[in-house]
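Since the structure comes first, as structure tokens, the remarks are kept for the end.
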Amino acid sequence: MSLLKIAGLSHRFPGGTQALHGVDLAVARGEFLSILGPSGCGKSTLLRLIMGLEQPSAGALAWAGRRPEIGVVFQEPTLMPWASVLDNVALPLRLKGVARAERTRAAQAAIEQVGLSGFERAVPRELSGGMKMRVSIARAFSAKPDLLLMDEPFAALDEITRLRLDDELYALWARLGLTVLFVTHSVFESAYLSSRIVVMAPRPGHLVASHDTAHAAMGAAFRASADYAATCGRVSASLAAAMGQAA
Amino acid sequence: MSLLKIAGLSHRFPGGTQALHGVDLAVARGEFLSILGPSGCGKSTLLRLIMGLEQPSAGALAWAGRRPEIGVVFQEPTLMPWASVLDNVALPLRLKGVARAERTRAAQAAIEQVGLSGFERAVPRELSGGMKMRVSIARAFSAKPDLLLMDEPFAALDEITRLRLDDELYALWARLGLTVLFVTHSVFESAYLSSRIVVMAPRPGHLVASHDTAHAAMGAAFRASADYAATCGRVSASLAAAMGQAA
Amino acid sequence: KDKVVFGTNWLAQAEHGGFYQAVADGTYEKYGLEVEIRMGGPQVNHSLLLAAGKIDFNMGGEGYGALNYVQNNIPVLAVASIFQKEPRVLIAHPDTGATDLASLKGRPIMLSKDAMQTFWLWLQHTQGYTDDQVRPYNFSPAPFMADPRMVMQGYLSSEPFTVQKAGVKPVVILLADYGYDTYSTTIEVKRDFVEKHPDVVQRFVDASIIGWKTYLHGDPAKANAAIKAANPEMDDEQLAYAIKVLNEHGIVESGDALTLGIGAMTDARWKSFFDGTVKVGIYPADLAFAKAYSLQFVNKGVGLK
Amino acid sequence: MSHAQRLAPLLVALVVLGAWEAMVRINDLPPYILPAPSVIAASLWNDRVILASSLLVTLQITLAALVTSAVTSLLLAVVFVQSRWIERSLYPYAVILQVTPIVAIAPLVLIYVEDPFAVMLVCATIVAFFPILSNTMFGLRSVDPGLEDLFRLQGAGRLQTLFLLRLPSALPHFLVGLRIAGGLALIGAVVAEFVSSTTAGGATGLAWRIIEAGQRLNVPRMFAALALIAVAGIAIFGLLTALSTLSLRRWHDSARRRQER
Amino acid sequence: MSHAQRLAPLLVALVVLGAWEAMVRINDLPPYILPAPSVIAASLWNDRVILASSLLVTLQITLAALVTSAVTSLLLAVVFVQSRWIERSLYPYAVILQVTPIVAIAPLVLIYVEDPFAVMLVCATIVAFFPILSNTMFGLRSVDPGLEDLFRLQGAGRLQTLFLLRLPSALPHFLVGLRIAGGLALIGAVVAEFVSSTTAGGATGLAWRIIEAGQRLNVPRMFAALALIAVAGIAIFGLLTALSTLSLRRWHDSARRRQER
Ligand SMILES: Nc1ncnc2c1ncn2[C@@H]1O[C@H](COP(=O)(O)OP(=O)(O)OP(=O)(O)O)[C@@H](O)[C@H]1O
Ligand SMILES: Nc1ncnc2c1ncn2[C@@H]1O[C@H](COP(=O)(O)OP(=O)(O)OP(=O)(O)O)[C@@H](O)[C@H]1O
Ligand SMILES: [Mg+2]
Ligand SMILES: [Mg+2]
């Protein structure tokens, strides 16, 4: 059952840049969909259109029923500079009207999850780049959304932290049955996490390939599987093709 | 011959966070030194101390002779929002007093190098995250510095662009004989590019391992070599050790 | 007892002395009035407040005020003129050849904004002064002190004293002595108030006249105390000087006042003043100037014993 | 901007004026308490020659004062942010200038400055300069620390940092200050005229028209003069806002076009 | 802040006052043209009772006006940024208020408001409010667009966005406006006193001391009153600056401690 149907979506910025042209995409409920594509191909723009933060210049975007509750990790940390880590993470709960004690508890848990315990009272400018990004991730996790949109969330993290958070995210997805739209530049990460991978080509951005990656387990074992290697190979190939097309 | 000698370097932020403690490091002239370490371990702080943007709370930092000319890529793009891509890239040249025609030419070349031709007149907010980062990289390249400090420059880029820029950087380094201090989270990237890799452990940040990776060639062939695989393995292991130590 | 509010045209000073006297020594009270005095100032427009009914009586400066009411169809009129001579003076430095109005021709004169449409026009018309003589005056004599050629406007009882204390014994020229025949320090009141409460008006006028009589010839101590309280810049020396010159020049008691009592006004004098203003172009000749005043409450010989 | 959005202010103005007119008529307020807009309009028309020439005088001083205060406060701001020492030592004098009542010092200025236009210019400039100074200093201070580091690292000189980094960063704040100063320069011009102009025969500004009309109880003309000041104020503000939007639109968040919710 | 840095302003002040004193003595200027600091100081001391009570009156109005204008302009700014329609329709009236000379409208205010304190409060508030309004609006507009998107996406209501996002973002700009308004409220209080009539015996503020002392050529006392205003202005500014630094230090770039080069 598809949660979101995108048909013929195009977007042109006021400056004149045609960021997207004729994007067709159906997102199924409960799907973990990764989006890959070269820098500047329109991935962030596509997410912004889905979030309703930009209006498409052509095409349609239809939700099955009400738009679900969205958790988001933007490409930049986007934190309130005057608020502590705790307050930043608790923000979505606060906006939903969750009581203070309850939201502090949930925020603490999310902070723990991203490995920032002890920094609850710090303000953003006292954090490193990767730590800021993790605050943003904790914020998206804290409110337990139905749909999680993440724009290169782990790009600023070291590989070990990144693998750990990959696993956290995967567990969350598997446990809560949420839908995830995941922009990444890492073929390995996408192959490890996703149930489907789409690849975009630039100028104007459009979809060039979609790879299903049926898998139901994870962990180090999966990374050693032939399935995984095959997926990585296929995705890399279509990415290369997409970029060749652009050049 | 060592360009820079760091001895017993410690740094404590006004807030009370001890970011670095007792860092000893000698950077040789012409070296390509990668720094790896978990998020928040003090890599950026170390670079800032080297750049003289923070004062160490203990320890010493000595240059052999005058401080060389520095090109820098901060962890964030750090662009002038009111200036075009061209003006941003040409900034270091302008500050050096290079004539307009000459600096435009050099900036154009650097823009081309990072694949942003056609966006010379765009302002930063009309660019994607990865494009902004590439402007920052082009800026660092444009002035042909003696010492290049880069703080996760390629994290926001897709793999193909990243590999291309890895090669550009390597070529630059090999051709101009400059010294590079390179912070990255990618073990593969560090193993591919560096002549030496140091690994840091967090809280407070200090060096735990140093790996020499003598290599003089690059390209796809090197990625297939046993040398490369071995380096990756060793670095990964010390990274895991560093983090285990932290936990 | 009737409560009334009386607005003056400046900070408390000797030129308001009679009114303060009547408050301080209980004269108003004896006449069944409870009077509150509100001080005016450089930017306070009590005329408008009177028109709006926010105060009951207003101290008019010169006769123009009453004519302005008529010109703008505002039902306010003057019911008494405490001063028979306007105490407006020009002062000049000594030993500079300044002796009379004619000798000031061509010299720079410091004039306030309101002078420009009143006595300055008269000076231009009768003395041939020209606009290039004008220098701005903001109620600080400092520029006058700094330039021996400077002439400035003033009030008989104030600026000459101030300047003298600062070390310049000035030549003082009283405009009234040269035919500047405006009434001054009038009591203004709204027409409907006159119609509804003629007795209150009468009592206010009479008590004020008594107050002035006492202030000029009796013991002004209580009034002076009230003035000093309202305006700390005043001191006894200044006040004594003012009372002296008011008396010496017959500012309050001269002309008609000698026979009709303080506050006297006549149709003939009003007409003469009005004709003068028409001549210099301030008012149109067909203005019903007689609506500007009423003789109903004065000329009764109050205070003449 | 939609058509309707352009019209809204006019509609509101019509409603305001209509309500005013109605209130005056229903309560039968005499013009010396509150003149009806129609009466003011009539006065505007009848006295148009006098008022227009007065407006011109006031506007001349206003513009001169605005330019003078923009230039001087920009320079001052640049000097002040050079170091905390300079700021702490000299800023108090700027504050003193701001809080000194013109009315009080005009006579002293008159002793030293002959030319009445110069006096008015000085007075109006004193009234207008402070918001530009404060806002520009705030702007010069709010530079992105990352960019500041970059400039330092690339060996930028003080002047280069000033022109290439600090001034562009401060521009939006300078423009906010300028918009505040626009109105202040106008009142400054009005007040300065009050206290310093010689009016006889020579050109007189709107201030004098207001005082004169007030003293002669010609309230409609007073309101006509006030209306001109109001219109002049709005026009100046509008022009400065347009200037601001034009110069910031491309990059600053405050001037971003936003979808209305 | 180093010790020397604290002392610098005092040293500069001593130099300025010393130069002033020397100039007056060498040129033998009479006090009515320019009194020497020593003469002013003497007058301050001799008239301390009168001056202190006047200062108190002026300060009361100033503080009341500052608080009133801060609250009203904050509210207005919030209303205005709700939509371009509201802004375009109503902002002009704020501009009109800013440019209307108090001197001209005070008589009209006096017709409707009885209480002299209220009149002065209204006048001083009108003088002070505009910089806060402008700066706060600029601040409310300069919200990080990313955060704005986040709030929208998380379904924040208007009030939530206001209190959790817009107001904190606008705080630094509000505080700049407040610092400008501090001085304006002070002059506003001084001017308001000029224009409102005072009951005999009622307390009068510094404005009257200045006018009267000026007219009586008691220039040292006039300067003493001006000095009090200057000191009051600096004190208000200093307090507001400290407030600003305290509340922004932790997060805003403008309040960051910076190494001096
Ligand atoms: N506000 C804007 N105005 C004009 N053009 C824009 C704007 N934002 C993005 N673009 C353009 O739209 C294109 C797509 O941008 P987008 O941010 O969607 O790329 P992306 O795929 O997310 O890239 P990256 O991986 O680098 O983040 C780019 O060419 C960019 O220049
Ligand atoms: N301005 C600051 N004030 C206080 N603490 C700070 C400040 N900047 C950084 N820190 C702290 O110093 C430590 C090191 O930060 P740094 O930015 O050097 O980390 P990093 O290794 O670059 O991490 P990342 O890979 O996430 O960028 C962190 O714990 C961080 O919280
Ligand atoms: Mg993106
Ligand atoms: Mg870092």
For the side chain of Thr179(A) and the backbone of Gly30(A), is there at least one donor-acceptor N/O pair under 3.5 Å apart?
-> yes

Proximal component of [X], with respect to chain E [non-hydrogen, under 4.5 Å]:
X         : result
Arg94(A)  : both
Leu91(A)  : side chain
Glu126(A) : side chain

Residues Gln82(E) and Arg158(E): side-chain donor-acceptor under 3.5 angstrom = yes

Side-chain donor-acceptor pair under 3.5 Å between Ser195(A) and Glu31(A), yes or no?
-> no

Working to the nearest 0.5 Å, report the span between CE of Met200(A) and CG of Leu25(A).
-> 9.5 Å

Checking Leu165(E) against chain A: side chain, backbone, both or neither under 4.5 Å from a heavy atom?
-> both

